[in-house]
Peer 1: 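Provided herewith is a single structure, encoded as structure tokens, for subsequent inquiry.
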Amino acid sequence: MTSTAYLAQLGIPFGGPPVILKDPAEEFQASPPAKAASAATSSKAPTEAKSEKADGAPDGRSFLEKWIEADLAKGGRCEKLKEKVLTRFPPEPNGYLHIGHAKSIMINFGLAYKYGGQCNLRFDDTNPDTEETEYVEAIQEDVAWVCQALNMEKMKKGGKPWKDEVLYASDYFQQMYDFAIDLIKHGKAYVDSQTPEEVQKNRGGGPNNLPGVDSKFRNRSVEENLKLFQEMQDGKHAEGSQLLRAKIDMQHPNMNMRDPPMYRIRFSSHHRSGDKWKVYPMYDFAHGNEDAIEGVTHSICTLEFENHRALYDWFLDNCSIIPSRPYQKEFARLEVQGAVTSKRKLLRYSIRSHKDQIVQSLVEQEGHVSGWDDSRLLTIRGIRRRGVRPQGLKCMADGVGVSDRNSTTPWDFVEECWREDLEPISKRRLAVLDPLEVEIVDYNKEELIEGITDLPEQSASSDPSCARTLSFSKSLFIDRSDYQENPPEGYFRLGAIGSEVKLRHSYVIKLKEVIKDKSGTVTKLKCSHDPATRDTMPADRKPKVIHWVNAKDCLDAEVRLINPLFLAMPDPMPEGKDFLDYINPEAMVRCAAKVEKALGKPVLEDRYQFERVGYFAPDYDCFSEPKKLSFNRVVPLKESADKKKIEGKGTASRKEAQQAQLAEKERLQKIPPEEFFKSERGAEFSAYDEQGVPTHDKEGNALPKSAMKKLAKDLEKQKKLYESWKASK
């Protein structure tokens, strides 16, 4: 099923940008949190291109594509300056990339490539306390791996996806220091000697949106500020004792504009510059400067930076020696249902490898995960080890689309995208995850079943290389779930004596006898076979087809069923509880499986469909000493009504999801409209109007009219839901 067809099945809108996904269980909830909005900027980004064709129909472009095309069009910003598109992907080297970064990589590198430009890979290593060389190397590998899905010509020729060499913000420390000096000289920055507590208190804001208070050091002379800033760099002041701040407006409605910090003192050694610097730039100051130094044309960020755009513009427009003028736009980052991607949380349950030590937390000692590449984690490394391909991540990113509003992508949709990528390329193989022995009592020979192709549409006669041979004997293994002593209604596999099944590519067998051990556990089934049915179904009946392996030459393998790492978490989190309390005990189910002989020499890049089971990839353990034949389930087959017990209970069935959806609707419809945002999203806002529409964000910043308009629409939906419930009573 295509991504759009699947979205339609879930009732999710599609057919034109942006695609905004909602969890089906949230169908009757209010819309996702409205994006924070920046105050008016001193220099507006170029106007976007129109979003519709001449006939008024959506044209399929995202708002980022329209923005770039308008800049490249005749008379546009880039056309006037004869600039090619240059974007950037600027990770901090303080952790491993995760599934959310994959979307950002696709957007930044993909858009640059689409419009004939390039993308910089820049490490934003401005914080000496958190940077690690280990992360720098891993991020480069991960970015290059994800970009394989973009089919870039330079990568086909052995190159890297980024422009020229890898860049580092630390290489610009001197230039950024000079920019700060320029602002001081023009009276637009000052050294503040308040304590950190005083700085925080005097910013104002909070639930009552208090105004800021000017620092008593705000009006220092240019000469004194230059002297103090030089002393900060010379190491003459203690950490936290001095702060270089921009001189903007302590009454500004946008908290980010209230004399934001530009430089702080740190005596830590930097992984690249060593001990040269004692002052380090803050992200908001460094971000735009780095873009300007590199000549970035389109700075594409996630929505949490939208309220910082005014500051991004202020720094660029108020420095007299800035080398170029980039512009910033924001998109909604990828949020996946049930995923934990916080670096702080990931550090708590993963292992950080170093050349000279292993840093392990209490959680690691309890053995929840084995490391950053554990296949249960949604880090890029974990996803890659699990067996997801870059093309699967691109399918997911394309399906989610580019939006300027936050939303949560259902896990079902992520799995559907991965299935869509794997289905046409996965070699079909037979693997029995929970083996039960079968003896065919009236079969006493051995034979070969030839011409079994890797993929359904292939032909062994026209391409012998795609075919394999299965061996068959009287001793087989089938999956234990294909026999039930007391089968429920609608169960059509082996159960009662005389029941039949068709073995895939082989004979119909009939149950004759059930063998049990002393404890009553079934250990073997004895069956007869129908010799006329090896290559065909019987004409008078249609038994169910099951998979099997030959007990005489099958191989032992560990098959790992990867399920969601976390169970559903309540929001808000109950007091005394932690996200680790919701780790799914069945996040990885290890099966002592029997697999066909053809799986004995896997290739790392190969993907398999274990028939009737799911899509699998060979684990790294297959290739490292001591070698162990092991496979990870990338994604299950589409869920059927008859789920195997071996699958575990990590995810709810569709029926359970529908029941939960109905229960959520019943809960929401009882909330009076004026209380809706306060009770459901109170942590996001600090003030409301008489109708209950939020007017200020949690930091006390006034919401823009566009955001309030969206919230008012959400409130109108809640009002209708509430009134409908009241009328039905």
Peer 1: Is it the case that W145 and E141 place a side-chain donor and acceptor less than 3.5 Å from each other?
Peer 2: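 Side chains of W145 and E141: no pair found under 3.5 Å.
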
Peer 1: Over 60° means perpendicular and under 30° means parallel, so tell me whether F616 and F610 are parallel, tilted or perpendicular.
Peer 2: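 The arrangement is parallel - the two ring planes meet at less than 30°.
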
Peer 1: Could you walk me through whether E439 and K524 satisfy the salt bridge (Lys or Arg N to Asp or Glu O under 4.0 Å) test, starting with their C-alpha distance in whole Å, then the side-chain angles of each, then the deciding distance to 0.1 Å, before giving a yes or no?
Peer 2: CA-CA 7 Å; E439 179 185 349; K524 181 189 289 189; 3.3 Å; yes

Peer 1: Nearest 0.5 Å please: distance from the CG atom of L555 over to the CG atom of N550.
Peer 2: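 With rounding to 0.5 Å, CG (L555) is 11.0 Å from CG (N550).
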
Peer 1: Are the side chains of S630 and P618 in contact, using a 4.5 Å heavy-atom criterion?
Peer 2: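 Result no, sub-4.5 Å side-chain heavy-atom pair not found.
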
Peer 1: Would you say the side chain of L561 lies within less than 4.5 Å of the side chain of L433, judging by non-hydrogen atoms?
Peer 2: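 In contact.
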
Peer 1: Got a salt bridge between D619 and R385, using NZ or NE/NH1/NH2 to carboxylate O under 4.0 Å?
Peer 2: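 Here D619 pairs with R385 in a salt bridge, since their nearest N and O are under 4.0 Å apart.
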
Peer 1: Quick one: do R381 and D142 make a salt bridge, cutoff under 4.0 Å?
Peer 2: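 A salt bridge is present here (some side-chain N lies under 4.0 Å from a carboxylate O).
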
Peer 1: Decide yes or no for L494 and L525: does some side-chain heavy atom of the first lie under 4.5 Å from some side-chain heavy atom of the second?
Peer 2: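 The answer is yes, as the side chains (C-beta and beyond) meet within the 4.5 Å cut-off.
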
Peer 1: Please indicate whether E625 has more than 12 foreign heavy atoms, meaning atoms of other residues, nucleotides or ligands, lying under 6.0 Å from its CD.
Peer 2: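 Counting other residues, nucleotides and ligands, CD of E625 exceeds 12 neighbours.
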
Peer 1: If you define the side chain from C-beta out and look only at heavy atoms, does anything of I509 sit under 4.5 Å from V438?
Peer 2: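 Yes, side chains in contact.
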
Peer 1: Decide yes or no for E513 and I497: does some side-chain heavy atom of the first lie under 4.5 Å from some side-chain heavy atom of the second?
Peer 2: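 A side-chain contact under 4.5 Å is absent here.
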
Peer 1: CZ of R386 to CH2 of W418: how many Å apart, nearest 0.5 Å?
Peer 2: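 Separation between the atoms: 5.0 Å.
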
Peer 1: Are any of the side-chain heavy atoms of Y608 and P602 separated by less than 4.5 Å?
Peer 2: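 Heavy-atom side-chain distance check passes, below 4.5 Å.
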
Peer 1: Between K526 and E437, is there a salt bridge with N-O shorter than 4.0 Å?
Peer 2: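 Here E437 does not pair with K526 in a salt bridge, since their nearest N and O are not under 4.0 Å apart.
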
Peer 1: Might you work through the side-chain hydrogen bond (donor to acceptor under 3.5 Å, both in side chains) test for Q484 and Y491, ending with a clear yes or no?
Peer 2: CA-CA 9 Å; Q484 287 200 24; Y491 184 87; 4.7 Å; no

Peer 1: Give the intermediate values and the outcome of salt bridge (Lys or Arg N to Asp or Glu O under 4.0 Å) for residues R333 and E304.
Peer 2: CA-CA 9 Å; R333 65 182 180 183; E304 60 263 37; 3.4 Å; yes

Peer 1: Given the rule in the side-chain contact (heavy atoms from CB on, under 4.5 Å) test, do K103 and V400 qualify, once you have shown the distances and angles that lead to the verdict?
Peer 2: CA-CA 9 Å; K103 177 181 176 182; V400 171; 4.0 Å; yes

Peer 1: With no hydrogens and no angle check, just 3.5 Å: does a side-chain donor-acceptor pair link Y96 and E134?
Peer 2: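 The answer is yes; a qualifying pair exists.
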
Peer 1: Applying side-chain contact (heavy atoms from CB on, under 4.5 Å), run through V146 and F109 and close with a yes or a no.
Peer 2: CA-CA 10 Å; V146 170; F109 283 89; over 6 Å; no

Peer 1: Could R428 and E611 be called an ion pair, given the rule that one side-chain N must be under 4.0 Å from one carboxylate O?
Peer 2: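 No, no charged N to carboxylate O under 4.0 Å.
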
Peer 1: Output yes when D374 and R560 qualify as a salt bridge under the 4.0 Å nitrogen-oxygen rule, no when they do not.
Peer 2: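 R560 and D374: not salt-bridged.
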
Peer 1: Is it true that the side chains of S475 and S473 contain a donor and an acceptor less than 3.5 Å apart?
Peer 2: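 On atom types as modelled, these side chains do not qualify, holding no pair under 3.5 Å.
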
Peer 1: Does any part of the side chain of N584, heavy atoms only, come nearer than 4.5 Å to the side chain of L565, both counted from C-beta?
Peer 2: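 They are not in side-chain contact.
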
Peer 1: Given D556 and K628, is the salt bridge (Lys or Arg N to Asp or Glu O under 4.0 Å) satisfied, shown in steps?
Peer 2: CA-CA 9 Å; D556 292 326; K628 179 181 181 180; over 6 Å; no

Peer 1: Using a strict threshold of under 4.0 Å (side-chain N to carboxylate O), is an ion pair present between K638 and E423?
Peer 2: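 K638 and E423: not salt-bridged.
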
Peer 1: Under a 4.0 Å threshold between the charged nitrogen and the carboxylate oxygen, would D482 count as salt-bridged to R612?
Peer 2: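 Salt bridge present between R612 and D482.
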
Peer 1: Is there side-chain contact between M588 and N563, with at least one heavy-atom pair below 4.5 Å?
Peer 2: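 Side chain of M588 against side chain of N563, heavy atoms only: no contact under 4.5 Å found.
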
Peer 1: Let's go through R405 and D714 carefully: what are the C-alpha distance in whole Å and the side-chain angles of both, what is the deciding distance for salt bridge (Lys or Arg N to Asp or Glu O under 4.0 Å) to 0.1 Å, and is it a yes or a no?
Peer 2: CA-CA 13 Å; R405 191 172 184 184; D714 294 339; 3.1 Å; yes

